S.K.: 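Submitted below is the structure of interest, expressed as structure tokens.
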Protein chains: 2
Amino acid sequence: MTSKPVDLYLQPGTQDRTQITRNALVVTALKLFGTKGFDATSTRQIADASGANIAAISYHFGSKENLRIEVARSVAAHMGQHGPVRASADMDNEAIQGLSPEQARSMIRQHIKIALDRDSLGPLADDILQFFHVEMTQESPVVDILFDNALKHSHERMCRLVSRLNGEAWDSEKTKVAALMIFAQVMVFDLVRPVVLRSMGWDKIGPQERDTILDAAWIN
Amino acid sequence: MTSKPVDLYLQPGTQDRTQITRNALVVTALKLFGTKGFDATSTRQIADASGANIAAISYHFGSKENLRIEVARSVAAHMGQHGPVRASADMDNEAIQGLSPEQARSMIRQHIKIALDRDSLGPLADDILQFFHVEMTQESPVVDILFDNALKHSHERMCRLVSRLNGEAWDSEKTKVAALMIFAQVMVFDLVRPVVLRSMGWDKIGPQERDTILDAAWIN
DNA sequence: TTCAAAATTTCAATCGATTGATTTAATCGG
DNA sequence: CCGATTAAATCAATCGATTGAAATTTTGAA
């Protein structure tokens with residue numbers, strides 16, 4: 001329950017049966033929850049697709065709902081260490097204070113570019129982010145896990161950067177909304193992908209399409 | 001199947017039993033699908049909450065999936081006639097051609113303001129838009145209905161307006177993405193409301209909060 | 001080091017409950 | 001009275017979860 005989250009990527013030489021099973025269940029659930037949704041995914045589908053027995057879910061995680069939480073903890077932990085969130089940890093608040101508006105703007109652009117970049121998340125990047133996006137739209141215990149561990153810090157850093165641009169306090173309502181809107185611009189294209197594909201005439205949102213999106217993002 | 005969509009708002013004096021039952025089922029399903037999601041909503045919940053019998057769903061719509069589609073058709077029809085989509089129908093393409101950048105910018109702002117305004121959709125506005133948003137995130141037959149009847153036209157108008165600003169062709173990829181991003185800025189706050197509430201420290205997204213969002217929207 | 005006992009993990013089978021949908025009979029309005 | 005509609009009962013299928021036994025791994029005394 002309160003133990004270390006399951007690693008989304010097992011080190012190649014792992015022999016531990018338990019670890020392998022738990023990883024398979026979490027990764028499979030990550031994919032199915034992200035694509036079909038939590039409610040539309042049955043425990044049997046997860047078990048079959050991960051090569052485990054149905055009872056394994058109850059045994060290792062207690063319940064389907066707990067598996068969902070474990071997936072969220074794994075995702076949050078992984079993003080915190082390797083993903084876009086990690087990038088914001090490199091700057092400290094005092095350094096931002098001294099930034100010129102032009103420097104801040106540049107860092108914001110870089111920040112957004114990293115947020116769009118999926119390479120840092122590994123081969124599961126698409127699955128991780130799809131799960132992330134889906135869960136963000138629903139009120140559930142999972143939101144708190146993702147927000148506290150992967151969003152809060154990143155948003156605050158963005159607020160401090162935006163503050164250098166608009167001159168307002170970093171924790172003012174205006175600044176906070178502006179910071180959210182910067183993330184929103186690139187995030188929304190994944191959130192409403194079905195509509196985006198139809199509007200744009202695309203058949204997927206790949207690296208090329210993401211460049212187009214990034215070019216259109218407004219950071220002024 | 002190919003008949004007129006169910007009216008979301010019955011005229012007060014309606015006596016027609018059939019019409020009343022169908023309306024109750026559609027409105028109830030609209031609310032439940034929007035809040036709990038399609039998969040997490042059972043036909044019994046819909047029947048109970050709407051005061052109808054379980055068999056009524058099969059009788060009137062054929063299946064739960066067909067009820068979902070009927071809800072989408074009703075929502076699309078209602079938005080097309082009364083909602084934000086309607087606003088874009090007032091301008092024609094030739095008029096937009098002659099707009100100065102400054103005029104276009106003003107119309108875009110107005111367009112967005114209308115898209116944020118929920119009064120035109122009536123008392124069910126929140127339910128309608130929540131259903132709308134949820135369905136936009138999932139690949140389903142419903143997306144096509146909503147896109148074709150409520151989004152396509154509105155997006156094209158926005159493209160033509162944006163075209164007056166950036167000087168590019170209205171159907172260029174750059175313009176189309178930019179137009180999407182304008183909608184995205186205000187839409188995303190409803191899509192990821194759970195995260196927005198936590199980030200902003202809000203307990204709801206009401207008219208006041210929407211004003212704050214609108215002020216932060218970038219149209220340059 | 002050896003090997004049986006103990007603990008852990010997996011397995012097939014099954015639990016009661018609920019799902020979407022259907023059937024049959026009663027009820028309603030015209 | 002008749003067709004339209006509803007109500008109650010029930011369908012097979014699937015849901016999440018549990019069971020006890022089998023298989024596997026770990027442990028500990030000799």
Side-chain angles (χ1 to χ4, degrees), chain A residues 1-4 6-7 10 13-33 35-72 135 138 140-142, chain B residues 1 3-4 6-7 10 13-33 35-72 138 140-142:
Chain A
M1 187 72 81
T2 51
S3 66
K4 195 161 64 89
V6 171
D7 284 333
L10 280 180
T14 309
Q15 296 285 353
D16 188 345
R17 255 201 324 165
T18 303
Q19 205 174 337
I20 291 174
T21 301
R22 290 172 61 93
N23 172 269
L25 285 173
V26 166
V27 169
T28 304
L30 165 73
K31 294 179 178 178
L32 293 177
F33 289 165
T35 53
K36 312 181 45 169
F38 176 78
D39 295 301
T41 303
S42 72
T43 51
R44 282 170 179 79
Q45 288 172 346
I46 300 171
D48 290 348
S50 64
N53 190 271
I54 319 173
I57 294 175
S58 290
Y59 178 76
H60 285 286
F61 304 103
S63 69
K64 183 189 178 189
E65 185 65 42
N66 275 5
L67 173 56
R68 180 191 203 173
I69 291 175
E70 186 57 36
V71 171
E135 290 292 344
Q138 302 160 5
S140 85
V142 165
Chain B
M1 187 72 82
S3 67
K4 194 162 66 88
V6 171
D7 284 333
L10 280 179
T14 309
Q15 295 284 351
D16 187 347
R17 265 202 311 165
T18 302
Q19 204 174 340
I20 292 174
T21 300
R22 290 172 61 93
N23 172 268
L25 285 173
V26 166
V27 169
T28 304
L30 166 73
K31 293 180 179 178
L32 292 177
F33 289 165
T35 53
K36 312 181 46 170
F38 177 78
D39 295 299
T41 303
S42 72
T43 52
R44 282 169 179 80
Q45 289 173 346
I46 299 171
D48 291 347
S50 63
N53 189 270
I54 321 174
I57 295 175
S58 290
Y59 178 77
H60 286 287
F61 304 103
S63 69
K64 183 188 176 188
E65 185 64 41
N66 275 5
L67 174 55
R68 180 191 203 173
I69 290 175
E70 187 56 37
V71 171
Q138 301 161 6
S140 86
V142 165

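Below, chain A is the first sequence line, B the second, and so on; all start at residue 1. Keep in mind it's a predicted model, so treat the numbers as computed, not measured.
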S.K.: To the nearest Å, how far apart are B:Tyr59 OH and C:dA26 P?
M.R.: 19 Å
S.K.: Using a heavy-atom cut-off of 4.0 Å across all strands, would you classify A:Ser42 as base, sugar-phosphate, or nothing?
M.R.: sugar-phosphate
S.K.: Start with the C-alpha distance between A:Asp39 and B:Phe38, add both sets of side-chain angles, then the distance that settles side chain to side chain contact (heavy atoms under 4.5 Å, CB included), and finish with yes or no.
M.R.: CA-CA 9 Å; A:Asp39 295 301; B:Phe38 177 78; over 6 Å; no
S.K.: Send over the distance from B:His60 NE2 to D:dT5 P, rounded to a whole Å.
M.R.: 7 Å
S.K.: Show your working on side chain to side chain contact (heavy atoms under 4.5 Å, CB included) between B:Ile69 and B:Phe61 and close with a plain yes or no.
M.R.: CA-CA 9 Å; B:Ile69 290 175; B:Phe61 304 103; over 6 Å; no
S.K.: Without decimals, in angstroms, what is the distance between A:Asp16 CG and D:dT25 C1'?
M.R.: 10 Å
S.K.: B:Thr18 vs B:His60, test: side chain to side chain contact (heavy atoms under 4.5 Å, CB included). Steps then yes/no.
M.R.: CA-CA 9 Å; B:Thr18 302; B:His60 286 287; 3.8 Å; yes
S.K.: Between B:Thr28 (side chain) and B:Leu25 (backbone), is there a donor-acceptor pair under 3.5 Å?
M.R.: no
S.K.: Can you see if the side chain of B:Thr43 gets near the phosphate of C:dG20 - specifically, an N or O under 4.0 Å from OP1 or OP2?
M.R.: yes
S.K.: Looking at A:Asn53, I'd like to know whether one of its side-chain N or O atoms comes within less than 4.0 Å of OP1 or OP2 on C:dT9.
M.R.: no
S.K.: Find the distance B:Ile57:CD1 to D:dA8:C1' and express it as a whole number of Å.
M.R.: 16 Å
S.K.: Tell me the interatomic distance from B:Asp39, atom CG, to D:dT14, atom C1', rounded to whole angstroms.
M.R.: 14 Å
S.K.: Using whole Å, what does the distance between atom C1' of nucleotide D:dA17 and atom CZ of A:Phe61 come to?
M.R.: 16 Å
S.K.: Without decimals, in angstroms, what is the distance between B:Arg17 CZ and D:dA4 P?
M.R.: 12 Å
S.K.: Near DNA chain C, under 4.0 Å by heavy atom, which residues of residues 18-32 of chain A?
M.R.: A:Thr18, A:Thr21
S.K.: Over how many whole Å does the gap from B:Ile54 atom CD1 to C:dT19 atom P extend?
M.R.: 10 Å
S.K.: Given that A:Arg44 and A:Ala55 both sit by DNA chain D, which one's nearest nucleotide is further toward the 5' end?
M.R.: A:Arg44
S.K.: Quick check for you: to the nearest 0.5 Å, what is the distance between A:Asn53 atom CG and A:Arg44 atom CZ?
M.R.: 10.5 Å
S.K.: Hey, which sits more toward the 5' end of DNA chain D by its nearest nucleotide, A:Ala56 or A:Ala40?
M.R.: A:Ala40
S.K.: Minimum heavy-atom separation for A:Pro141 to A:Glu65, with atom names?
M.R.: CG-OE2, 4.1 Å
S.K.: What's the separation between atom OG in A:Ser50 and atom CD1 in A:Ile57, rounded to the nearest 0.5 Å?
M.R.: 6.5 Å
